[in-house]
J.: 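Let me begin by handing over the structure; questions about it come next.
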Amino acid sequence: MRLSFRLSAFWLPLLALLAVVAVRLHGLGQVALPDYDSVRNWQIVQEVAHGNLRNLFHHGSPGFSLLYAPVAWLTSDYHVFQGLNGLVAVAALGWLVQWVAREWRLTAPETALLLLFTGTSVFLTFSGRDFTMGSWSLLLFVGLLRAHYRRLQQPSAAALLRAAVWLAAGLSINYKFLLTLPILLVLELFYGGRLLWQWRNLGRVLLVLAAPYVLLGALGAAGGVPWYRWPAVYYNLVFPGAQNAAGRTGHLRFDGLYYLRFLRDFESPVLGPGLAAGLWLLRRRLGRLGQLARPRWPWPAPGLALYLTVWAGCFLVGMSLLLKAPRGMLLAYPLLYVLAFLGLRELLRRWAGPAVGQGLLAAVMLLAVAFNLFRIQREIYAYAPTRYGQVAAWLQQQQPGPVRVASTLSLGVAPFLAASDTVSVIVKEADLAQARRQGIQYVLLDATWRVVNATAFDSLRRQPPLVAWPEPLLTAPLLFLEHSEYTGLGYEETLQLQRAAQDSAQLRLYRLRP
């Protein structure tokens, strides 16, 4: 009997995790890399794998390129990189849920339900199909959450350093880990006591955080990259240079409703009631413990629900001050799903009792998962297959020798061409003259220019193309919203742009006349 229980406790969550893998990887072989950054990262990984470190610090993410460089020694097929990145995101989810299940003593069915509910988040599914730093950021963020929570629960210098190691690893993978620093400082100030602020411990933490910059900076210098290239990325974030192709400058735009609207329109409708229930129960619990108005410092170590609520709430408030895109809340989406699940679980158990409450929870979660899958089909799967492969095949038939093509604000066709072929990205119509001088014969009017709201290429668009193809992904609302940070547009403005950009063909090929 005990053996049977142990087997079910193992197999139920494992089957749920495999179901999430199936959802994330479904149809992945039929789609292209979804954006410019994904293709650029794929190119840079191959450069690094062959000893070219010129772009090692692109986006301040050297660790990402170094992690995937060994894969590039074996294959250049972008599907492999895309699939591995998707599996890393699933591993991050599994690790988070395993931790929550242990801390909250969830049963095996509850753990499986939580995996399915969180794993079918629409945006987490969408972001798990690119080749950016998001998946590894999620994995390292879960490691940071676990390590720092333990540091608050069981304070020690060793636990503090372990949390610092996870933070340093995250900063090496994604510059957006900088956003965790103010939240960590808030938690340390209120709950951390004096441990961090002792000179010995503070010095060790700073040394750990500085280590990647010294080691990877030295690696870059050995490859001919200036030592300041990585810090220069941070400088450009704070002091951006010229406006981009969409005419946007700066990084600030307050909008307290952007992410709430996104959650309403694209994520599970269970999130709202679940989070409201969780906040109500958390407030009652803290009120009973006298922690809502406790003047003494430091405050007692937070429980898991409060700890995750602080993280999610700080992300929501902080990102509301910056330019918006759904990926801005990437690290918080799993926390929101976990908190909604825990809130509904506790409310139903209190209202109907443990046995009936568990049955009701299962029914609600299964309906929520089914609705998530419906939205995933409508918002993700429906925008396939890609036609970039057909574009590449046509060009290779027309041009003897290496293909040379110009493309408007996109590298989307690059993974489908041979290694000897060249794609030159143009950002304005004036660049066409230079492309002609370089001997480029074809230009691909890629509808990415619509996604990034670049008002250009008027004369090109008025000409009849040689050949044209649809590319469904370039009409997807999620892709437009993901570029709202680039365009500087708000939520409704971005969706209006998406609705106005519908066309019969998103890939139009023209011959460049000499």
Side-chain angles (χ1 to χ4, degrees), residues 92-93 95-106 110-111 114 117-118 138 141-156 159-160 162-163 166-167 179-197 259-260 263 270-320 329-351 357 361:
L93 171 67
W95 201 23
L96 173 66
V97 170
Q98 181 268 334
W99 175 48
V100 171
R102 185 190 66 199
E103 293 291 329
W104 275 70
R105 298 182 181 180
L106 301 182
E110 288 173 334
T111 304
L114 178 56
F117 179 52
T118 310
L138 279 172
F141 179 62
V142 174
L144 175 62
L145 284 179
R146 293 173 63 126
H148 189 252
Y149 182 72
R150 184 176 181 184
R151 169 264 174 279
L152 294 179
Q153 297 293 322
Q154 303 172 12
S156 69
L160 182 63
R162 278 193 293 270
W166 282 106
L167 177 58
L179 298 172
T180 67
L181 290 175
I183 305 175
L184 287 168
L185 287 175
V186 166
L187 289 165
E188 285 291 330
L189 286 171
F190 284 101
Y191 300 107
R194 295 177 175 83
L195 185 64
L196 174 62
W197 313 110
Y259 292 110
L260 297 179
L263 293 173
V270 174
L271 278 181
L275 290 171
L279 288 173
W280 178 69
L281 292 169
L282 182 61
R283 186 181 184 283
R284 288 191 60 187
R285 185 178 299 117
L286 292 177
R288 286 199 307 271
L289 296 175
Q291 292 183 16
L292 287 179
R294 183 184 293 271
R296 297 169 55 188
W297 179 87
W299 294 357
L304 183 62
L306 177 57
Y307 181 73
L308 298 181
T309 299
V310 170
W311 275 101
C314 286
F315 265 114
L316 180 60
V317 172
M319 294 308 301
S320 295
M329 287 279 289
L330 174 67
L331 302 181
Y333 289 114
L335 307 187
L336 294 175
Y337 271 83
V338 166
L339 290 169
F341 178 89
L342 296 179
L344 285 173
R345 175 180 180 265
E346 289 302 301
L347 186 67
L348 291 173
R349 285 165 66 94
R350 286 169 179 249
W351 176 62
L361 178 67

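The analysis underlying the following values was restricted to heavy atoms, covering all of them including side chains, and did not include hydrogens, waters or symmetry mates.
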J.: Roughly how far, to the nearest 0.5 Å, is the CG atom of L184 from the CG atom of L167?
T.: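 Between atom CG of L167 and atom CG of L184 there are 6.0 Å.
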J.: Where do L263 and L336 land on the side chain to side chain contact (heavy atoms under 4.5 Å, CB included) test, with the steps shown first?
T.: CA-CA 10 Å; L263 293 173; L336 294 175; 4.0 Å; yes
J.: If you look at every heavy atom in E188 and L196, which pair is closest and at what distance?
T.: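 Heavy atoms only, the tightest pair is OE1-CB, 3.6 Å.
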J.: Let's go through L306 and Y191 carefully: what are the C-alpha distance in whole Å and the side-chain angles of both, what is the deciding distance for side chain to side chain contact (heavy atoms under 4.5 Å, CB included) to 0.1 Å, and is it a yes or a no?
T.: CA-CA 12 Å; L306 177 57; Y191 300 107; 3.4 Å; yes
J.: For L152, is there any backbone N or O sitting under 3.5 Å from a side-chain donor or acceptor partner on Y307?
T.: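 No.
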J.: Working to the nearest 0.5 Å, report the span between CG of L275 and CG of L279.
T.: 6.5 Å
J.: Report yes if some heavy atom in the side chain of W311 is under 4.5 Å from a heavy atom in the side chain of L331; otherwise report no.
T.: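 No - every pair of side-chain heavy atoms lies 4.5 Å or more apart.
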J.: Which heavy atom in A277 sits nearest to a heavy atom in G343, and how many Å separate them?
T.: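 Closest heavy-atom pair between A277 and G343: CB-O, 3.9 Å.
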J.: Would you give the length of the straight line joining atom CD of E346 to atom CZ of F341, rounded to the nearest 0.5 angstrom?
T.: 10.0 Å
J.: Testing the basics here: between A163 and L144, what is the closest heavy-atom pair and its distance to 0.1 Å?
T.: O-CD1, 3.5 Å
J.: What distance separates Q98 CD from L114 CG, expressed to the nearest 0.5 Å?
T.: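 Q98 atom CD to L114 atom CG measures 12.0 Å (nearest 0.5 Å).
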J.: Output the distance between atom CG (L281) and atom CZ (R350), rounded to the nearest 0.5 Å.
T.: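 L281 CG to R350 CZ: 5.0 Å, rounded to 0.5 Å.
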J.: Check the pair V100 / L342 against side chain to side chain contact (heavy atoms under 4.5 Å, CB included), numbers first and verdict last.
T.: CA-CA 10 Å; V100 171; L342 296 179; 4.3 Å; yes
J.: Decide if atom CZ of R146 counts as having more than 12 heavy atoms of other residues, nucleotides or ligands within a radius under 6.0 Å.
T.: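 Check passes, neighbour count above 12.
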J.: With a 3.5 Å distance limit and no angle check, can you tell me whether R151 reaches the backbone of G192 through a side-chain donor-acceptor pair?
T.: yes
J.: Find out whether R162 and H148 are in side-chain contact, i.e. whether some heavy atom of one side chain is under 4.5 Å from a heavy atom of the other.
T.: no
J.: Tell me whether the centres of the aromatic rings in W166 and F141 are closer together than 6.0 Å.
T.: no
J.: Looking at A305 and L339, what are the two nearest heavy atoms and their distance?
T.: O-CD2, 3.7 Å
J.: When rounded to the nearest 0.5 angstrom, what is the spacing between CZ in R349 and CG in L361?
T.: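 The distance works out to 9.0 Å.
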J.: Are side-chain heavy atoms of P302 and V310 found at a separation under 4.5 Å?
T.: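 Side-chain contact under 4.5 Å: no.
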J.: Side chain to side chain contact (heavy atoms under 4.5 Å, CB included) between V270 and F117: does it pass, once the steps are laid out?
T.: CA-CA 10 Å; V270 174; F117 179 52; 4.2 Å; yes
J.: What I'd like to find out is whether the side chain of L93 reaches to under 4.5 Å of the side chain of Y337, using heavy atoms alone.
T.: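 L93 does not reach Y337 side chain to side chain.
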